[in-house]
Amino acid sequence: MTQPNDEVPTFLDVGSGDAARRIAVLHRPGKGPPVVWLGGFRSDMRATKAEALDGWARRTGRALVRFDYTGHGESEGDFASSTISTWVEDAVAVIFACAPQRPLLVGSSMGGWLACLAARERAARGEDAPSGLVLIAPALDFTEDLMWKRFTPEIRATIERDGFWARPSAYDPVPVPITRALIEDGRRHAMLGGEFDPGCPVRILQGMDDPDVPWSHALRIVERLPRADTVLTLVADGDHRLSRPQDLARLLAAVTEIYPNKGISAD
């Protein structure tokens, strides 16, 4: 659930031509490498976990960057016309513009996938690895593994015929358009077909009562990460959002544990 917040975002220009859009960014200045929040599919930068992380940054004097993807929250653009490529471009642009030091990337659900893709992009550009990755119910390859492969033949046929399917949502009264372009583009960014080394500590928080990203999916991700300094925490009664007070405490503890500058606390 989105929390009230009076902060006014700045805007970053991303893309060019017909694809140009303004991305809304909230940047809390502070010490040390910035923490960058990457939200989930259809979520926004003022949601519960993002606000909890902002409270931690305010209390500890740490830098935090959060933003809305194209077609999300306060950013421009059309959600239905966007793809994983669109949102990766948003994330990479914000990280390189607003978090020049080695950022600690915190990604929830789809944001977990985008955090990993951003880390891979840093390596491709010859940049230093992130300071760390904290992933909450990371939905790597979700367009294929958690959508397309789960869809009934009737739903697949609708997408192939009409170019989209209006998917009912447990979190939004308005159905979510799942487009053929989203599915096809997601395959270009698949990560679970091989190993992935982000070059930094990784902490994964995963609810075992998650109807959207099953905990077995988190195990597949762990199998593809280096064993050194990769930790998976399974929350037996945890749902997809992991936004209860105890879940937020686990999130802040994970961030604090691998934050490069020690001597800080989650309180």
Side-chain angles (χ1 to χ4, degrees), residues 1-3 5 23-26 35-54 64-75 77 79-80 82-92 94-95 104-119 133-147 150 167-179 182-183 185-186 189 191-192 202-207 209-215 217-218 221 233 235 238-244 247-248 250-252 254-255:
M1 179 177 179
T2 300
Q3 303 296 316
N5 190 309
I23 298 301
V25 181
L26 288 174
V35 176
V36 180
W37 169 256
L38 297 97
F41 188 67
R42 298 284 284 183
S43 187
D44 64 67
M45 63 180 171
R46 300 185 191 267
T48 304
K49 292 188 289 294
E51 290 292 323
L53 200 56
D54 184 63
L64 173 70
V65 176
R66 44 187 172 143
F67 65 99
D68 285 330
Y69 310 117
T70 300
H72 290 68
E74 296 158 74
S75 288
F79 174 87
S82 301
T83 62
I84 300 300
S85 289
T86 310
W87 299 322
V88 170
E89 185 179 30
D90 295 340
V92 169
V94 170
I95 291 168
L104 193 158
L105 305 179
V106 183
S108 178
S109 194
M110 180 180 77
W113 187 8
L114 298 182
C116 292
L117 290 171
L133 297 179
V134 176
L135 312 176
I136 307 105
L140 277 67
D141 300 6
F142 80 91
T143 51
E144 186 71 14
D145 291 356
L146 304 180
M147 284 186 173
R150 289 180 166 189
R167 181 186 190 181
S169 171
Y171 310 109
D172 192 329
V174 179
V176 179
I178 305 300
T179 66
L182 175 69
I183 299 296
D185 179 77
H189 300 284
M191 301 189 75
L192 294 181
V202 180
R203 299 293 181 269
I204 299 175
L205 305 176
Q206 175 68 54
D209 197 22
D210 184 340
D212 300 308
V213 181
W215 61 272
H217 195 74
I221 295 170
T233 299
V235 183
D239 61 7
H240 182 61
R241 290 188 168 187
L242 289 181
S243 292
R244 302 169 302 178
D247 300 323
L248 299 177
R250 290 187 185 95
L251 168 60
L252 299 182
V255 170

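Position 1 is the first residue of the sequence; numbering continues from there.
- Taking CG from Leu140 and CE from Met110, the interatomic distance works out to 12.0 Å, rounded to the nearest 0.5 Å.
- The distance from the CZ atom of Arg46 to the CH2 atom of Trp37 is 15.0 Å, given to the nearest 0.5 Å.
- Shown here are the side-chain hydrogen bond (donor to acceptor under 3.5 Å, both in side chains) partners of Arg203, two or more places apart in sequence or in another chain: Asp229, Glu257.
- A donor-acceptor contact shorter than 3.5 Å is absent between the side chain of Asp44 and the backbone of Asp68.
- Under the 4.5 Å side-chain criterion, counting only non-hydrogen atoms from C-beta, Asp54 is not in contact with Leu26.
- In this structure, the separation between CG on Leu252 and CG on Leu53 is 6.5 Å, given to the nearest 0.5 Å.
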*For Leu242 and Leu251, what are the C-alpha separation, side-chain angles and deciding distance, and is it a side-chain contact (heavy atoms from CB on, under 4.5 Å)?*
CA-CA 9 Å; Leu242 289 181; Leu251 168 60; over 6 Å; no
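- Taking the ring pair (Phe, Tyr, Trp, His ring centres under 6.0 Å) definition, one finds that His189 meets it with nothing, sequence neighbours left out.
- Applying the side-chain contact (heavy atoms from CB on, under 4.5 Å) test to Ala139 and every residue at least two apart in sequence or in another chain returns Ser109, Phe142, Leu146, Val213.
- Rounding to the nearest 0.5 Å gives a distance of 7.0 Å between CD1 of Ile183 and CD of Glu144.
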*Which is it for Asp212 and Phe41 under the side-chain contact (heavy atoms from CB on, under 4.5 Å) test, yes or no, and what are the steps along the way?*
CA-CA 11 Å; Asp212 300 308; Phe41 188 67; over 6 Å; no
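- Nearest heavy atoms, Ile84 versus Gly186: CG1-CA, 4.1 Å.
- Atom CG in Leu38 sits 14.0 Å away from atom CH2 in Trp113 (nearest 0.5 Å).
- Considering only residues two or more places apart in sequence or on other chains, Ser82 meets the side-chain contact (heavy atoms from CB on, under 4.5 Å) condition with Thr70, Thr86, Trp87.
- Shown here are the salt bridge (charged side-chain N to carboxylate O under 4.0 Å, His left out) partners of Arg244, two or more places apart in sequence or in another chain: Asp237, Asp247.
- Asp90 places none of its side-chain heavy atoms less than 4.5 Å from the side chain of Ser75.
- Every side-chain contact (heavy atoms from CB on, under 4.5 Å) that Asp145 has, sequence neighbours left out, goes to Asp141, Lys149, Leu192, His217, Arg220.
- To the nearest 0.5 Å, the span separating CD1 on Ile204 from CD1 on Ile136 amounts to 10.5 Å.
- Remark: the backbone N or O of Gly39 is not paired with any side-chain donor or acceptor of Lys49 at under 3.5 angstrom.
- Looking at Ser169, its side chain never comes within 3.5 Å of a backbone N or O of Val176 through a donor-acceptor pair.
- Side-chain atoms of Ser108 do not come within 3.5 Å of backbone N or O of Gly111 as any donor-acceptor pair.
- At least one donor-acceptor pair under 3.5 Å links the side chain of Arg66 to the backbone N or O of Met45.
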